[in-house]
Student: 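The structure that follows is given in the form of C-alpha cells.
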Amino acid sequence: MKRKRKTADGILIVAAVFAGLVFLFPIFWMIRSSFMGLEELYQTPPVIWPKMGTTKNYVEALKQSDLLLQFRNSCAITALCVAGTVVSSSLTAYGFSRFEFPYKKIWFMLIISTMMLPAAVTLIPQYQMWNKLHLLGTIAPMVIPAWFGGSAYFTFMLRQFFQTIPKELDEAARVDGAGYFKIYCKIILPLTKPALIVVALFSFVNAWNEFFYTVIYLNGHQELKTLTLGLYMFKGVYSTNYGAVLALAAIISIPALLFFLIGNRYFVEGISMTGIKG
C-alpha cells in the first residue's frame, strides 16, 4: 500500500510539474521574444533564448505608446470594478445566506442561470441601453455593472463561504444590539477575508485584461484608452514589430502578476474553503 501510494504521489507530482510548464510556456515565450531582435525573432528553427539580448523593443514600446495615460485609465477602471464587485457580490451573497424571503431559491436559481448566457446574447440590448442613457464613450458601461450585483459566479462563491459561518454568531450579535448591516461589517466580512480576496483577485484580472467591451465602448476615445486597447492599436499599417508588441504585453502583465503573488496565500485558502458547505 505504501509503495502504491508513493507511486501515485510521484505520478501526481510529475503531472503537476508538466501542467505548470505548459501554462508557463507562453509567458516564457513572451519574455524571450521581447528581448530579441528581428533576425532572431523570425529565425527558423526558433531560438530558445536570445544570444544577444536587446532592450530596444522595450524602448520602442515606451516611446510609441501613451503608456502613462493608458495605465492611469486601466487603474481607475480596474479599481472601481474591483470595489464594486466585492461590495455588491458580498451584500447579495449575505442576503441569500442569512435572510429568508419568498421565492428565495427561485431568485437564486435565476441569478445563477445568468452564467449560462453568452456575452453576445446581451451585447446589443446593453449597447442600446447605454446609448439611450448617453453614456457611450465613458467608463460608465465598464464600471456601473460591477456595482449592481457584480457577478453571479462571485455571488455563488461567497454565499457558499458565508454558509460555513455559524448563524449563532449573528444571534449573539443581535442580542448585543447589533443590526444586520453591523453584523455584515463587523462579523461576516472579517471572517471571510480569504474569500473576498479571491473575488478581488478574479475581478482584478478580469477588469485589467478586459478587451471586448473596451473596443465597443471606448474605441475612438483616445483620452479613455486602456492598456489592452492600446496594445491592440500598437501595430503598424503594413508591418508590425512583434518584438515591441510582446515587450508592451510583458509590461502590461506585470501588475496582474504582482497582484496575484501578493494575494496567492489567501487565493489558495479561499478556494480550498469555499465549497465546504453547500
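Computation of the quantities below employed the complete heavy-atom set of this structure, encompassing side-chain atoms and omitting hydrogens, waters and symmetry-equivalent molecules. If you read the sequence from its start, that first residue is 1, and numbering goes on from there. A quick note: this is a predicted structure, and the numbers were derived from the prediction, not measured.
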Student: Measure up the Trp208 and Phe71 rings against each other and bin them: parallel (under 30°), tilted (30 to 60°), perpendicular (over 60°).
Tutor: perpendicular
Student: For atom CZ of Phe99, is the number of surrounding heavy atoms from other residues, nucleotides or ligands below 6.0 Å larger than 12?
Tutor: yes
Student: Within this structure, what is the CG-NZ distance for the pair Leu110 and Lys105, rounded to the nearest 0.5 Å?
Tutor: 14.5 Å
Student: Any non-hydrogen side-chain atom of Ile111 less than 4.5 Å from a side-chain atom of Phe156?
Tutor: no
Student: Hydrogens and angles aside, do Tyr153 and Ser89 bring a side-chain donor and acceptor to less than 3.5 Å of each other?
Tutor: no
Student: Quick one, Phe154 and Ser203 - any side-chain contact, counting heavy atoms below 4.5 Å?
Tutor: yes
Student: Okay, side chain of Glu40, backbone of Lys51: is any donor-acceptor separation there less than 3.5 Å?
Tutor: yes
Student: If two hydrophobic side chains count as joined below 4.5 Å and joins carry through other members, does Leu62 share a cluster with Ile254?
Tutor: no
Student: Is there a donor-acceptor pair closer than 3.5 Å between any side-chain N or O of Trp147 and the backbone N or O of Leu80?
Tutor: yes
Student: Establish whether Met36 and Ile48 are linked, either directly or via other cluster members, by ILVMFWY side-chain heavy-atom contacts under 4.5 Å.
Tutor: no
Student: Near Glu171 CD, under 6.0 Å, is it more than 12 heavy atoms from other residues, nucleotides or ligands?
Tutor: yes
Student: Determine, using ring centers only, whether Tyr103 and Trp107 are less than 6.0 Å apart.
Tutor: no
Student: Do Thr54 side-chain atoms and Phe35 backbone N/O form a donor-acceptor pair below 3.5 Å?
Tutor: no
Student: For the residue pair Phe96 and Phe101, is the inter-centroid distance of their aromatic rings smaller than 6.0 Å?
Tutor: yes
Student: Heavy atoms, side chains only, cut-off 4.5 Å: are Tyr184 and Arg98 in contact?
Tutor: no
Student: Would the distance check show the side chain of Thr78 and the main-chain N or O of Cys75 forming a donor-acceptor pair, the cut-off being under 3.5 Å?
Tutor: no
Student: Is it the case that atom CD1 in Ile124 sees more than 12 heavy atoms from other parts of the structure closer than 6.0 Å?
Tutor: no
Student: Given side chains that start at C-beta, do those of Met157 and Val199 come closer than 4.5 Å, heavy atoms only?
Tutor: yes
Student: Between Trp130 and Ala140, is there a donor-acceptor pair closer than 3.5 Å when you use the side chain of the first and the backbone of the second?
Tutor: no
Student: I'd like to know whether the aromatic ring centres of Tyr180 and Tyr94 sit less than 6.0 Å apart in this structure.
Tutor: no
Student: Are Phe28 and Tyr242 linked, directly or through intermediate hydrophobic residues, by side-chain heavy-atom contacts shorter than 4.5 Å (ILVMFWY only)?
Tutor: no
Student: Is the closest basic N to carboxylate O distance between Lys104 and Glu100 below 4.0 Å?
Tutor: yes
Student: Does some side-chain heavy atom of Leu158 sit less than 4.5 Å from a side-chain heavy atom of Thr192?
Tutor: no
Student: Answer with yes or no whether the side chains of Ser34 and Tyr58 bring together a donor and an acceptor at under 3.5 Å.
Tutor: yes
Student: Please report the interatomic distance OG(Ser33) to CH2(Trp49), rounded to the nearest 0.5 Å.
Tutor: 9.5 Å
Student: Yes or no on salt bridge (Lys or Arg N to Asp or Glu O under 4.0 Å) for Lys56 and Glu60, after CA distance, side-chain angles and deciding distance?
Tutor: CA-CA 6 Å; Lys56 291 183 179 180; Glu60 182 177 351; over 6 Å; no
Student: For a 4.5 angstrom cut-off between non-hydrogen side-chain atoms, does Leu227 reach Leu67?
Tutor: yes
Student: Measure up the Tyr217 and Tyr213 rings against each other and bin them: parallel (under 30°), tilted (30 to 60°), perpendicular (over 60°).
Tutor: parallel
Student: Are Leu246 and Trp29 grouped together when hydrophobic residues (ILVMFWY) are joined by side-chain heavy atoms under 4.5 angstrom apart?
Tutor: no
Student: Could you tell me whether the side chain of Ser253 reaches within less than 4.5 Å of the side chain of Met30, counting heavy atoms only?
Tutor: yes
Student: Same cluster or not: are Val17 and Leu12 linked, directly or through other Ile, Leu, Val, Met, Phe, Trp or Tyr residues, by side-chain heavy atoms under 4.5 angstrom apart?
Tutor: no
Student: Quick one: does Arg32's side chain get under 4.5 Å of Pro46's, heavy atoms only?
Tutor: yes
Student: May I ask you to decide whether Asp66 forms a salt bridge with Lys225, counting only side-chain N to carboxylate O separations under 4.0 Å?
Tutor: no
